[in-house]
Amino acid sequence: MKFFIDTANLDQIRQALALGILDGVTTNPTLMAKEGIKGEENIRKHYLAICELVGKNVSAEVISTDFDGMTNEAKRLSALHPAIIVKIPMTTEGVKALKWCSDNNIKTNCTLVFSAGQAIVAAKAGANYVSPFIGRIDDSNWDGIQLIEQIVHIFRNYDFRTQVLAASIRNPLHIVRCAEAGADVCTCPLESILGLLKHPMTDIGLERFLADYRKSQQS
Ligand code: E4P
C-alpha cells in the first residue's frame, strides 16, 4: 500500500518524507487555503515546491466546474511538473474531463467519490486513481471501510487499472482497515501516519531495555 500525505503544508511533508515511507501528496483547495496560498501564480509555485520536495505523485485539484475549464487547467497543471496528478471532481463534466485526460496521457485522481457507482464510472473514464472519502462517509453515519471493500472487489472483478486511493482518513485505525480492505493508497494527515508507530508496550519495553543496560554498565 502506498502512503500519501494529505496536506499542503511543506513542513509536514518534510516530516513525513524524513520517515522514508512517503509515496506522494494530495492537496485540495481547502488545504491550500489553510496554508494561505493566494493567487494563481502563488498556487503554481506552491505545487512546484511540493513536487520538488517529493518528486512523485502530487495531486493538484482543478477549480473549474465545466469541461473546457477543467481540461485547460489539467493541461496547465500537468505541464508544471511530471509528478502532477490532476484531481478532478466526480461530476458529469468531471467524467468527460477524466476521459479527455486519459486520452491525452494526463494522469488523474477522481475526487469526492462517495459510492461504488461513482467509482465504476471514474474507472471506465480512465481515471488513474479514485478517492473515496471514508472519514466523511463515517461522519454521515455510513461505513467508509465497507465502501473501500466494495470498490476493491469490483475493480478486481474487471481488472480495472484504476487505483483505490482511500481519502479523508481520520485516524491510524482507518489506515489499517484500508490495508485490510486492499486499498492501493491511503492519503493521511501526518498525525494518523505518526499514530501508526505508537504503542505503549513499545515505550515500556524500550524503557526497561535501556534501564537494564544502564544497570549492567554500573556493576
Ligand atoms: C483527498 O484527497 C482529500 O484531500 C481529503 O482526504 C479530504 O479529507 P477531509 O474529509 O479530512 O477534508
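Just so you know, ligand 1 is whichever comes first in the structure, and atom 1 is the first atom listed for that ligand.
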Requested in this report: Mind checking salt bridge (charged side-chain N to carboxylate O under 4.0 Å, His left out) for Asp68 and listing every partner two or more places apart, or none if nothing turns up?
Outcome: none
Query - Asp184: partners by salt bridge (charged side-chain N to carboxylate O under 4.0 Å, His left out), with sequence neighbours left out - result: none
Query raised in the report: Do the charged groups of Asp139 and Arg136 touch, with an N to O distance under 4.0 Å?
Result: no
Query raised in the report: Would you call Glu41 and Arg44 a salt bridge, using N to O less than 4.0 angstrom?
Result: yes
Report task. If the plane angle is over 60° it's perpendicular, under 30° parallel, otherwise tilted; pick one for Trp100 and Phe67. Result -> perpendicular
Query raised in the report: Asn72: what forms a side-chain hydrogen bond (donor to acceptor under 3.5 Å, both in side chains) with it, not counting sequence neighbours?
Result: Lys75
One pair per line, please: each N/O atom of ligand 1 matched with every protein N/O atom under 3.5 Å away, atom names first, then the distance to 0.1 Å.
unit_1	atom_1	unit_2	atom_2	d
ligand 1	2 (O)	Lys87	NZ	2.6
ligand 1	4 (O)	Asp6	OD1	2.9
ligand 1	4 (O)	Asn28	ND2	2.7
ligand 1	4 (O)	Lys87	NZ	3.2
ligand 1	6 (O)	Asp6	OD2	2.7
ligand 1	6 (O)	Ser168	N	2.7
ligand 1	10 (O)	Arg136	NE	2.7
ligand 1	10 (O)	Ser168	OG	2.7
ligand 1	10 (O)	Arg170	NH1	3.3
ligand 1	11 (O)	Arg170	NH1	2.8
ligand 1	12 (O)	Arg136	NH2	2.8

